[in-house]
Amino acid sequence: MGVISTSSRDAEARPVMARVPLVKAAVLGAVILLLVLLVVQPFGWVLFNSLHDDATGAWTLNNYARVVQSAELIEPLVNSLILAAATAVIAVGIGVPLAWLVSRTDLPLRRTIRVLTLTAFVTPSFIGATGWILLAAPNSGWLNTAWRWLAGEGAGTPLNIYSMAGAIFVCGIYTVPYSFTMVSSALDEMAVELEDAATTLGCGVLRTMASITIPLAAPAVIASFILSFIQGLTLFGVPAFLLTPTGIPVVTTKLAEFYQLFPPEIYLAAAYCMPLLLVTGALFWMRRRYLGRKQYVTISGKTRAGRQIRLGGWRWPALILALLVPLMSVFLPYAALLLVSLTRAWGQGLSWENLSLYWYWWAIFGNSETHTAIVNSLVYSTLGATLCVALGTLVAYIVERRLMVGASLLGAVATVPIVIPGIVLSVGFFAAYTRAPLNLYGTPLLLIAAFAATFLPIAYSHGGSILKGIGPELERAARSLGAGEARTFLSITLPLMGGGLVSGWFLVFIPIIRELSVAVFLITPKTNVMTTLIYNAKDGGNYEAVCAMSVLLLLITLFLVAVARPLAGLTGARRTSRKTATAAGVPS
Amino acid sequence: MSGIRITNLRKSFGSYTALRGIDLQVPNGTLLALLGPSGCGKSTTLQLLAGFETPTEGEIWADDVLLSSPRGVLPPERRGISLVFQNYAVWPHKTVAENVAFGLSIRRLPKAEIAERLTRALRTVRLESLRDRYPSELSGGQQQRVALARALVVEPSILLLDEPLSNLDAHLREEMRFEIRQVHDLLGITTVYVTHDQSEALVTADRIAVMQAGAVQQFGTPEDVFERPANAFVARFIGSNNELAGTGEGEGSIRIGDRVLTAPDRSGVARGGSVSLCVRPSKVRLDDDGGLSCNSLPGTIVRSAYLGEHRDVLVDIGEGRTIRAFVPPERRYGPGAVTTVHLPIDACQILAPSA
């Protein structure tokens, strides 16, 4: 053992090389700064404003006192809770049986129903509401007209979409895809062996369902109920379209009202955000707590198709029921929007002379306002999604690889927007960036930042799950061969994330382009986007133009979904066959 | 190439202590195996050597360069230490050639030199014909050789192997361990090989450090650890072993229940302390007269299994104790048969439980 010289043992240990990694420090600094600007600051302003007086600007608890004491402000809260609960009941009541039919039985057209449900999933619900206004407005609604034609003039008008029932119906059918997707993927991933084990012990089909399948899917059902509830609580577009005209207020529309008052009661609005935040926060906390204890949710086995339950004579009745959902959420409203958008003047009725593409031409080229909104939507969504994915991925990387002390705090901050309803985030961004020193009002940057902040949790969790699939050894191997941290990230981690990042980008882009509520207080005529334009134009009476814009937005969204699905799986298809096996790693 | 010196190395994760102060000297060009059950601290030692963790206490030196101490750690990319992982960690988005050449391009070597060294490394691991394949098109053994070539091509001063064979099937594993030894003989790089498989360690290593509970139980040559285990844990972990717990009676004897047996005492435990008598099943004899130099005990056969090369017999020696014996296969024993167990004194050792 004479190789190691004794002199080195005696030499006082020199301080070990610890070069300050400049690139790393700069990136960490930028990430922290962005998180502060996008999440902490807007949220902080909501809190700050809620504690100040609108008139005098002094510290006060008066805003909260007004929220609690005024019946006029309690009523929207109650309405919101009713809407949310009913939405969740509909979503779960329809979505869960539908998921079971598609995942576990020999129902015909299962693929088609999946595709149609995905279509309903990406349809902005306020556009669905627009379609349903055409279908079921009192008197003029097509379904009412059809009813009168069938039952005689004196039959009256059974449907009134401008009502709580109408809003619940529309919220419900557009929330069904949430519960459907969550539960059907739980059923798809469930290990068939678990059910087979019960069958070999002598359980029949129904007994196996009752004692194995349903309990295993229960966490997904409950999680989807909570998510649907939050959806019903935080939706802005549907109540604004369907409830505001009849004077039924909910929290989100009431918030918008505060901004339309003169002078606007911005500080009261901030306080009014708090009950909403409290409920969404509590629900997410419940969901997390509940799912945290039910780790078997994701138990999955070998990927082989589950046993199909034969429906026998029930196949066709079941199919009719299963098709009712897409009929109401896709076919009918899409048809209504399409027809109106294709008529020169809707009032003149349906005729060949009246059919034209005029309003599409008008929206894209003829009218500078709509033209600007279309361009803005595309540009802001592209930039917003890029910023969102870049930031979310970096935060996920910092958290997954523990690159700094307190990394998990960054992750928590990036997740916070998930509990902040879009309309509240809009209030926050308005408060934070319409004053010096960062007055961004009227600039595209304000909307891009707000969009990025809204969907940061999606980008972050998506980035995290990609990174979990890439074993740290793949990076460590590069480090031990002489690559620094930045080089390792760029030449190993980033290319391995590749396909996943592309799908993550679409996952963020699609909700951004259809997002309405976060943009509502932030736009100016110059920075209008398609969703806000449709929202603001709906009262103008130009239904042909609104419908044309809606159809354009739908087409863009559906086109992107169609592009995104194959693209996400495409990158490096040849070489990925064993990637997961290699990259997932074996715990040592 | 350089030797490694580890002094009083400790590592805690929160309240959990993974390493409780280990000392190791690995001379230049040696292949050291870190052998132990999972959770013994061998992988932590490797992560510390590679520079991915900071020690809580102690130092790691490579010749006269301080690599790690609680005050700081030379980052992995500047250590000249290559690492081969259990799951190979071959980059799936790079071809075999791109994987192997990565470390060379990081070093900004001239193109011609990269090409030349790449070809040489691929030839060493017999992968020349697969250079343009992607890892997904390779078998596990081939991926493992890519990982080895990638680690060796940069001419590291130290090579670390983290359970490199445990993901391979049994047949390939046996073949690869000779291959690893062969590559080591060829290049002479100081190597640390982490494994939980005793036969892997015995075949490949010049030195073995047997680890358990964050401490080195024994550090010696393969012959040392097999034939002269430092304590009962080492005897149990390496090879088959009979262990009879008892109390030291002094002067090479041990009290087990109401019997006193004789054996060389290597425990270093004072009289009255708890010690174990250890003896390999292959040294145990049944029935035939063992002569004076044996501890002889009456027993009853519990079971007997025919293993082809020998017969594995379990004998009840009373008081709930059993002895395993490997006897020639032609001897037949039925359960319940009465026999005498002979433990040759010079094959027995009195050992402390563990360090």
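Chain letters run A, B, ... following the sequence lines, proteins first and then strands; every chain starts at 1. Only heavy atoms go into these numbers, but all of them, side chains included; no hydrogens, no water, no symmetry mates.
Neither the backbone nor the side chain of B:Ala147 comes within contact range of chain A, judged by heavy atoms closer than 4.5 Å. Heavy atoms closer than 4.5 Å to chain A are found in the side chain of B:Arg107, but not in its backbone. Residue A:Thr488 does not touch chain B at all, counting heavy-atom pairs closer than 4.5 Å. When heavy atoms are compared at a cutoff of 4.5 Å, B:Leu83 approaches chain A by way of both its backbone and its side chain.
Panel note: side chain B:Trp91, backbone A:Ile492; no donor-acceptor pair is recorded below 3.5 Å.
The shortest non-hydrogen separation linking A:Ser491 to B:His93 is O-NE2, 3.1 Å. Residue B:Ile106 comes nearest to A:Gly482 through the heavy atom pair CG2-O, 3.2 Å, listed as atom of the first residue, atom of the second, then distance. Closest of all the heavy-atom pairs between A:Arg479 and B:Pro75 is NH2-CB, 4.1 Å. The minimum heavy-atom distance linking A:Ala483 with B:Glu77 is given by the pair O-CB, 3.3 Å.
Atom CG in B:Leu159 sits 9.5 Å away from atom OG in A:Ser480 (nearest 0.5 Å).
For A:Phe559, the CZ atom sits in a loose shell: 12 or fewer heavy atoms of surrounding residues, nucleotides or ligands are nearer than 6.0 Å.
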Item checked: Stepwise side chain to side chain contact (heavy atoms under 4.5 Å, CB included) check, A:Leu481 with B:Ser82 -> CA-CA 6 Å; A:Leu481 290 174; B:Ser82 283; 3.9 Å; yes
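Taking the ring axis of B:Phe52 as reference, the NZ or CZ atom of A:Arg476 stays within 45° of it and closer than 6.0 Å to the ring centre.
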